[in-house]
2 protein chains.
Amino acid sequence: MSTTASPAPGAGSRPGGRSARVRAAVHLAVRELVADDPGEPLTIPVLATRAGVHATTVYRRWGTVGELLADVATSRFSGDIVVPDTGSLRGDLERYASDLAKDLCDPDTLALVRATIGIGGEQGAAACRGERQQQLEAILERERARGGQPPTLERTTDAVLAPLYYRGVFTNDPLTPEWTRTLVAHLLPD
Amino acid sequence: MSTTASPAPGAGSRPGGRSARVRAAVHLAVRELVADDPGEPLTIPVLATRAGVHATTVYRRWGTVGELLADVATSRFSGDIVVPDTGSLRGDLERYASDLAKDLCDPDTLALVRATIGIGGEQGAAACRGERQQQLEAILERERARGGQPPTLERTTDAVLAPLYYRGVFTNDPLTPEWTRTLVAHLLPD
DNA sequence: CCAGTATCGCACTGATCACTGCGCTAGTAG
DNA sequence: CTACTAGCGCAGTGATCAGTGCGATACTGG
């Protein structure tokens with residue numbers, strides 16, 4: 001999956017071009033189909049038709065549904081959340097957790113996550129994590145720069161990231177702002 | 001999905017019968033195929049052939065791959081872990097977390113989880129959670145009976161269950177016994 | 001031992017899917 | 001404006017899949 005001759009996943013990213021338009025249409029079709037009916041096989045002819053694009057194009061640019069889903073997830077979960085800078089570690093984490101919770105509240109997003117890790121395996125799972133790890137690390141690093149002693153990245157992941165993803169993906173419980181605050185509160189003792 | 005006329009998911013569970021043998025073969029085939037090549041569509045004819053059973057049977061007993069996966073996951077994640085009774089809350093939780101971690105370490109199990117939530121959606125996710133919630137509640141209840149004041153189920157879920165599932169499903173990091181102990185240690189202050 | 005019933009295997013049909021040459025058109029460079 | 005290249009649409013093929021009557025077979029209670 002790494003050395004396969006994927007013709008041009010990033011070649012058509014020049015905005016305005018026909019490639020970019022097709023790419024956007026296909027991505028949108030994938031997200032709509034996954035959202036509309038999760039658990040459906042999500043075949044290439046179907047999504048290509050929905051995107052108003054010929055299946056040939058999808059076969060050539062992405063090859064398999066797994067790679068396409070990973071691509072969609074990557075572009076969906078990258079750059080969607082900006083690392084906050086509230087001046088304090090607690091503020092940053094609460095804000096970040098709140099943003100992430102808002103993101104993971106959307107049923108369509110959850111459906112995309114489930115489908116991606118279901119088909120893409122570890123590859124897809126990595127795409128769904130996006131840059132969360134680096135973003136958390138950035139928050140912790142900033143606290144260190146302030147002279148504070150933040151918890152480790154592993155601990156922060158366990159205490160904040162994991163519950164958010166677990167609750168979103170595995171349960172139906174809502175990701176309320178109050179709850180996300182308690183996550184941070186338990187991580188950071190007074 | 002609850003009132004649908006599923007002919008006999010539980011009718012053939014009498015041990016020794018032909019139904020039970022077919023059921024076992026199909027379940028095994030599903031687990032093998034999912035483990036062998038995660039992300040593959042997992043079609044009914046293929047798995048039926050692998051199970052040495054005709055596709056017709058699978059269509060009739062389960063209908064869709066989603067229901068079949070949910071069934072497999074349910075029987076896989078029910079009764080696999082016994083609630084420990086070490087005499088202390090900490091001991092119980094450490095033991096339980098360790099057992100669960102050992103379970104979620106198996107790549108085949110993880111592949112099954114991913115495939116199930118990918119196709120089965122929320123239904124499948126629930127099947128993968130199995131009886132974890134009740135088991136945790138039982139542990140906490142026992143502590144209450146001892147006169148202790150255990151944390152809430154929600155808090156315990158966030159602190160122990162969520163990290164285990166998150167790390168297993170979304171990352172490649174190993175679920176070491178030391179790590180699971182730290183989860184419990186952070187939940188229970190000295 | 002014998003009827004009754006549930007479950008499974010078999011042989012199909014229509015539909016869908018993955019995949020591939022070939023020509024065309026839209027962007028690009030000069 | 002013109003030549004070039006990359007990406008896309010088109011049509012078609014072989015293979016696979018979902019789903020369905022029908023008969024055969026294995027378990028059940030009497």
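The shown structure was predicted, so the numbers you read here are calculated from the model rather than taken from an experiment. Numbered from 1 within each chain, the chains take letters A, B, ... in sequence-line order.
Using a 4.0 Å cut-off between charged nitrogen and carboxylate oxygen, B:D108 and B:R76 do not count as a salt-bridge pair. Between A:E137 and A:R142 there is no salt bridge, since none of the side-chain N atoms of the basic residue sits less than 4.0 Å from a carboxylate O of the acidic one. We find that B:D103 and B:R132 are joined by a salt bridge, their nearest charged nitrogen and carboxylate oxygen being less than 4.0 Å apart. The pair A:D71-A:R23 meets the salt-bridge criterion, with a side-chain N (NZ, NE, NH1 or NH2) lying under 4.0 Å from an Asp/Glu carboxylate O. Using a 4.0 Å cut-off between a side-chain N of Lys or Arg and a carboxylate O of Asp or Glu, A:E67 and A:R61 do not qualify as a salt bridge.
Comparing B:P41 and B:V22 by the nucleotide of DNA chain C whose heavy atom lies nearest to each, the residue mapping closer to the 5' end is B:V22.
Between A:H54 and D:dC8, a side-chain N or O to OP1/OP2 separation shorter than 4.0 Å is absent. An OP1 or OP2 oxygen of C:dC8 is reached within less than 4.0 angstrom by a side-chain nitrogen or oxygen of B:S19. At C:dC19, none of the side-chain N or O atoms of A:Y59 fall inside 4.0 Å of OP1 or OP2 (strictly under the cut-off).
Counting any heavy atom pair closer than 4.0 Å across all strands shown, B:T56 reaches a base atom.
We find that CD of A:E67 is positioned 14 Å from P of C:dA18, with the value rounded to whole Å. Taking atom CZ of B:R61 as the reference point, atom P of C:dA6 lies 14 Å away to the nearest angstrom. Rounded to a whole Å, the CG atom of A:L42 is 16 Å from the P atom of C:dT16. At whole-Å resolution of the value, CG in A:L68 and P in C:dA18 are 12 Å apart. Between the CZ atom of B:R21 and the P atom of C:dG9 there is a distance of 10 Å, given to the nearest Å. Atom CH2 of B:W62 and atom P of D:dG19 are 16 Å apart (whole Å).
For the segment residues 25-36 of chain B, no residue has any heavy atom less than 4.0 angstrom from an atom of DNA chain D.
Within 6.0 Å of CZ on A:R129 lie more than 12 heavy atoms contributed by other residues, nucleotides or ligands.
Aromatic rings from A:Y166 and B:Y166 are positioned such that their centres are separated by 6.0 Å or more.
Among the nucleotides C:dT7, C:dG9, D:dA11, the one closest to the side chain of B:V53 is C:dG9. Across D:dA18, D:dG7, D:dG9, the shortest atom-to-atom separation from the side chain of A:T57 is found for D:dG9. In the set D:dA18, C:dC17, D:dC8, the nucleotide with an atom closest to the side chain of B:I44 is D:dA18.
With rounding to the nearest 0.5 angstrom, the NE2 atom of A:H27 is 8.5 Å from the OG1 atom of A:T74. If you take CG on A:L183 and OG on A:S98, they are separated by 11.5 Å, rounding to the nearest 0.5 Å.
Checked by atom type and distance alone, the side chain of B:T86 pairs as donor or acceptor with a backbone atom of B:D92 at under 3.5 Å.
Inter-axis angle, ends of the helix from C:dC1-D:dG30 to C:dG30-D:dC1, five pairs per end, rounded to 10 degrees: 50°.
Between the base of D:dG19 and the side chain of B:R60 there is no donor-acceptor pair shorter than 3.5 Å.
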